[in-house]
Amino acid sequence: MGLRDEIREQPAAARRLIDEGREPIARIAAALREPPFDTIVIAARGTSDHAAVYAQYVFGVRHRVIVGLAAPSIGSVYGVEPRFAHSVVIGISQSGESPDVVGVIAAARGQGVPTIAITNSAGSPLARAAEHSIDLRAGPERAVAATKTYTAELLAVALLSASLSGDDAGLAAIDRLPDAIAAALETEADTERLASTRAGMAGCVVLGRGFEYATAREWALKLKELARLLADPYSAADFQHGPLALLEPGFPVFALAPSGASAPDLIALLGRLRDQFGVDLVVVSDRDDALALGAGLRLPPSIPDWLMPVVSIVPAQLFAYHLARARGQDPDSPRHIRKVTLTR
Ligand code: F6R
């Protein structure tokens, strides 16, 4: 079992979490309703932190709840325990091991606020530290780079959101995601072709907005760790506040531009980047107008924008995998890093 197998396992892993995790997650959502919370704090690192960024938009847009991303060093380096007050505190970690993330959850639990672990390791220190635990059921993830546990983390967040608001239409849309992930895997030949013609690039930026900002960050991380490509992720709004100066003809710009509230502005921006600066655009989208702007990777249609990140990361994972190979690197053995990183 290598990285590519784990990428391809994602429809089955998603199906398992939806079928077996929906009820336990609904029980956690029911426990959270009383007493009411007014903010959510999430502690996570690396890929799991990108699931936290996704949660920031999901709970912000769908529940009007402010989600703060914890800075674990406030406790672990400075020895200061934040006041969690009326928050729910969530730790996201596939391994459930990193002491700084566990420390945030332990401190919050000590203050008596609701705590939730979202982890692929049900017996891990994180799961033991939290009051509630969501088991991702993704099966062992052996590749160093996280892929199937990332989509499982996003799904857990989506299921929690739909359960909190009793959103049956949302749950029905979640139920269709395994098929959508399988459809996204069909882009593999295109990702291989686009990656092989870009093997020599020196760097790129990755743009997304709103729900897809998490995908931009996760795609950039995969490009760095697998293909050793300097890849800088931006919200499409932030990108216009300075980094735009990087652009010149042929500069690689990768973009997530699926249907949804963020699409019109983002597509207009990408059109400008192409016409004014002559950038080399790779666009991941379900929209013909977005795909026509550059080299396109087509997403399946009719997926609500808040759920699309579970699907849109799949072509990005495959692209990073094939780019690594095209650059002569082994995506199953990224240098310098291990599966579990313990930070304090
Ligand atoms: C990236 C990757 C790392 C981990 C990070 C957190 O592919 O694997 O960035 O996501 O070390 O690991 P967990 O989720 O185990 O806390």
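Everything numeric in this text was worked out from a predicted model, so none of it was measured. Numbering of ligands and ligand atoms starts at 1, following listing order.
None of Ile90, Leu69, Val89, Ile66 except one satisfies the side-chain contact (heavy atoms from CB on, under 4.5 Å) rule with Ile40; the exception is Ile90.
Judged purely by distance below 3.5 Å, without hydrogens or angles, the side chains of His63 and Ser161 pair a donor atom with an acceptor atom. One side chain, Thr215 or Glu212, offers a donor N or O that lies under 3.5 Å from an acceptor on the other.
Remark: ligand 1 and Ala146 share an N or O pair separated by less than 3.5 Å (distance only, no angle test). Of the N or O atoms in Ser93, one or more lie within a sub-3.5 Å distance of an N or O in ligand 1. Note: no N/O pair closer than 3.5 Å links Lys339 and ligand 1 by distance alone.
For atom 4 (C) of ligand 1, the nearest non-hydrogen atom of the protein is Thr47 N, 4.0 Å.
By the 30° and 60° cut-offs, the orientation of the rings of Trp219 relative to Phe254 is parallel.
Of the candidates Ser48, Ser95, Gly96, Ala43, Ser48 brings a heavy atom nearest to atom 14 (O) of ligand 1.
Looking at Arg327, its side chain does come within 3.5 Å of a backbone N or O of Met201 through a donor-acceptor pair.
For ligand 1 and Ala145, the ligand atoms under 4.0 Å from any heavy atom of the residue are 7 (O). Numbered from 1 in the order shown, with element, the atoms of ligand 1 that lie under 4.0 Å from a heavy atom of Arg45 read 5 (C), 6 (C), 10 (O). Within ligand 1, the atoms closer than 4.0 Å to a non-hydrogen atom of Glu225 are 1 (C), 7 (O), numbered from 1 in the order shown.
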(request) With salt bridge (Lys or Arg N to Asp or Glu O under 4.0 Å) as the test, would you mind laying out the steps for Asp280 and Arg198 before giving the verdict? (result) CA-CA 10 Å; Asp280 172 31; Arg198 288 167 178 76; 2.9 Å; yes
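Within the structure, the closest approach of Val144 to ligand 1 falls below 4.0 Å when heavy atoms are considered. At least one heavy atom of Lys222 sits closer than 4.0 Å to an atom of ligand 1.
More than 12 non-hydrogen atoms from other residues, nucleotides or ligands lie less than 6.0 angstrom from CG of Leu342.
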